[in-house]
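Notes to accompany the following structure.
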Amino acid sequence: MRVAVVGTGAREHALVWAFSKSHRINGLACFPGNAGIANLADCFDCNLDDIGDLVAKIKAYDPDLVFIGPETPLDQGLADDLRSLGIPTIGPGKDQARLESSKVFGKEFMRDFGIPTARSFHVKTSQELTTALAAFNPPWVLKKSGLAAGKGVLETGDYREALAYGQAVLQNDELVVEEFLRGYEASVFVALDGKNHLVFPPCADHKKAEEGDGGLNTGGMGAICPVPLLRDKEWQEVLDSVVDPVVHGLKSKGLMYQGIIFIGLMITDKGPRVLEFNVRLGDPETQALLPRIRNDFVDLSEAIVTGQLDKVVLDIDPMTAISVVIASEGYPGSYKKNIPVQHLPLNRNGKFVLFHAATRTGDNGQILTTGGRCFSAVGLGETFEDAQRRANRGASEVQFEGAWFRKDIGRRLFNLALQLPV
Ligand code: AMP
Ligand code: GLY
């Protein structure tokens, strides 16, 4: 089987790594990939915003299956174009990708199918903005409707800041203004094959830059899988009150696709509430999730594109996995690129794996950074402490000038879980 992965981050490195372990692979490519992916797959230079160029290059590779990582090419119809060429593809078409690319569309879907979520207003004018802000107590939550690379949501207790942000967004987009929810977050990934669905174990992302969940929002500084606080009872409630109605809604609206739906949740004391949908795997959740999946990844992917997920039984490693993002100095603010990487840790017998995110190989073979979040170090362990020790030790062995990482990924959730009644 010849497989092509589309994307450039640590999520895509984890996908390529998972595919590379299958004995069924006899060709593995990534468009465009990074320095780490290049050790496992043929990498092809391309621009993820140029769909015509991407389609031509992928077609030339002649894959049996394509797995699309990021949202932008999905929103631009890459999966439709590949399928129209007869190439089996994991990822929704442009229409279904609206569940992510329009938060207004996502909220309407939740309302239509009784999916629990925050009360909200769809805001198109300044007048509607002031009405919506008046309807809620602070802090306010304002969401730009369109794709924003994780930067479209403002949570603030400052009315003037909320108003200014809302008015700025309304210049060229619409808004969802919603009730502020308290609780803890979880990311639920569900594979869809067009008819059947398969739920993966839950993960939790850590969005804030600073330890203790303070500081600025980032693209995600690490993840834990499974989520220590989601025990069987809470997980069953997620399956019954969220996953089932989401799948029912997709079927009723003709929105079922072959790919992944990512349900972003806030678990409140009144139960799970959906924050958003994404139509792809998450980053850095994927880096913690995939090392726990023991099924052959080609078999699993093939079941998605042939409508046979009902025949798949997930085989999940009981170990906890923690992914820790190693970032450039200054991130999520401005940072330097092209910093030489001095040292990288080796993968260790199934308990530690390093994924590259933003790297390239320079002319002299030296690995250089190319972005803000540069690597994900993933530790696995029978206990939380073992997983954390392995992840943090590996992360500290990633050495380039200014490299930093959060040492507390999963810690708050783990400590809270210890306080739950037995
Ligand atoms: P979203 O893109 O909708 O997932 O929002 C990005 C982040 O904003 C989430 O991961 C939450 O941390 C936060 N957020 C979104 N909606 C709410 C809400 N209603 N209440 C509190 N925090 C929220
Ligand atoms: N981890 C959140 C995302 O991938 O958008």
Side-chain angles (χ1 to χ4, degrees), residues 6-14 16 30-40 43-50 69-73 147-154 205-223 282-287 322-347 352-379 391-409:
V6 177
T8 185
R11 166 182 53 204
E12 287 74 21
H13 193 176
V16 165
C30 194
F31 298 80
N34 59 38
I37 294 175
N39 293 325
L40 300 173
C43 291
F44 294 88
D45 226 4
C46 57
N47 176 355
L48 286 175
D49 295 324
D50 184 346
E71 61 273 25
T72 318
L147 288 182
K151 300 193 183 77
V153 177
L154 176 74
D205 188 2
H206 294 59
K207 288 269 176 215
K208 301 284 186 220
E210 289 171 15
E211 288 180 19
D213 294 318
L216 296 172
N217 263 321
T218 69
M221 294 307 300
D283 185 334
E285 292 97 322
T286 303
Q287 297 92 296
I322 294 178
S323 69
V324 172
V325 167
I326 298 100
S328 300
E329 186 173 6
Y331 178 82
S334 61
Y335 51 82
K336 285 196 223 138
K337 291 185 186 175
N338 294 312
I339 300 173
V341 178
Q342 261 107 30
H343 183 267
L344 291 176
L346 294 173
N347 292 346
F352 175 79
V353 52
L354 181 76
F355 297 123
H356 289 227
T359 61
R360 69 180 178 90
T361 307
D363 293 338
N364 56 0
Q366 168 92 58
I367 292 175
L368 304 168
T369 66
T370 60
R373 294 186 304 152
C374 300
F375 296 89
S376 280
V378 186
N392 286 353
R393 193 177 68 188
S396 68
E397 289 174 29
V398 174
Q399 287 161 13
F400 59 89
E401 197 192 326
W404 65 274
F405 62 94
R406 273 183 63 170
K407 297 177 187 62
D408 67 337
I409 300 302

Report task. Take Val398 and His343 through the test side-chain contact (heavy atoms from CB on, under 4.5 Å) and record every step on the way to the result. Result -> CA-CA 6 Å; Val398 174; His343 183 267; over 6 Å; no
**Report entry** Plane angle bin for His13 and Phe355 - parallel if under 30°, tilted between 30 and 60°, otherwise perpendicular
**Finding:**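 Ring orientation, 0 to 90° scale: perpendicular.
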Requested in this report: Please list, chain by chain and in numerical order, all residues satisfying side chain to side chain donor-acceptor pair (under 3.5 Å) with His206, sequence neighbours excluded.
Outcome: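 For His206, no residue satisfies side chain to side chain donor-acceptor pair (under 3.5 Å) once neighbours in sequence are set aside.
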I'd like to check [X] versus [Y] (side-chain heavy atoms, cut-off strictly below 4.5 Å). Are they in contact?
| X | Y | answer |
| --- | --- | --- |
| Leu48 | Thr72 | no |
| Leu346 | Phe352 | no |
| Gln399 | Val341 | no |
| Asp213 | Arg406 | yes |
| Thr369 | Asn338 | no |

Query raised in the report: Going through the checks in order, is the side-chain contact (heavy atoms from CB on, under 4.5 Å) test met by Glu211 and Phe405?
Result: CA-CA 9 Å; Glu211 288 180 19; Phe405 62 94; over 6 Å; no
Report task. State whether Arg360 and Asp45 are salt-bridged, where the test is any N-O pair (Lys NZ or Arg NE/NH1/NH2 against Asp/Glu carboxylate O) under 4.0 Å. Result ->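 Judged by the 4.0 Å cut-off on N to carboxylate O distance, Arg360 and Asp45 do not form a salt bridge.
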Please name the pair of heavy atoms, one in [X] and one in [Y], separated by the smallest distance, quoted to 0.1 Å.
| X | Y | result |
| --- | --- | --- |
| Cys43 | Gly33 | SG-CA, 4.0 Å |
| Ile37 | Gly9 | CD1-O, 4.0 Å |
| Ala10 | Asp283 | N-OD2, 3.9 Å |
| Leu368 | Pro340 | CD2-CA, 3.7 Å |

Query - Straight-line distance of Thr8 OG1 to Phe31 CZ, nearest 0.5 Å - result: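 Thr8 OG1 to Phe31 CZ: 13.0 Å, rounded to 0.5 Å.
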Requested in this report: Supply the atom-to-atom distance Ile339 CD1 to Ile367 CD1, rounded to the nearest 0.5 angstrom.
Outcome: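 Reported value, rounded in 0.5 Å steps: 14.0 Å.
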Return yes when atom [atom1] of [X] has more than 12 non-hydrogen atoms of other residues, nucleotides or ligands closer than 6.0 Å, and no otherwise.
| X | atom1 | answer |
| --- | --- | --- |
| Lys407 | NZ | yes |
| Asn364 | CG | yes |
| Glu401 | CD | no |

Checking [X] side chain against [Y] main chain: does a donor-acceptor pair fall under 3.5 Å?
| X | Y | result |
| --- | --- | --- |
| Ser323 | Pro284 | yes |
| Thr359 | Ala35 | yes |
| Asp205 | Ala223 | no |
| Asn34 | Ala357 | yes |
| Glu397 | Gly394 | no |
| Asn217 | Lys208 | no |
| His356 | Cys374 | no |

**Report entry** side-chain contact (heavy atoms from CB on, under 4.5 Å) between Leu354 and Val378, intermediate numbers included
**Finding:** CA-CA 6 Å; Leu354 181 76; Val378 186; over 6 Å; no
Between side-chain atoms of residues 328-336 and protein atoms elsewhere (two or more places apart, or another chain), which donor-acceptor pairs fall under 3.5 Å?
unit_1	atom_1	unit_2	atom_2	d
Ser328	OG	Gly371	O	2.8
Tyr331	OH	Gly219	N	2.8
Tyr335	OH	Gly372	N	3.4

Query raised in the report: Do Gln287 and Ser376 pass the side chain to side chain donor-acceptor pair (under 3.5 Å) test, and can you show the C-alpha distance, the side-chain angles, and the key distance before you say yes or no?
Result: CA-CA 7 Å; Gln287 297 92 296; Ser376 280; 3.0 Å; yes
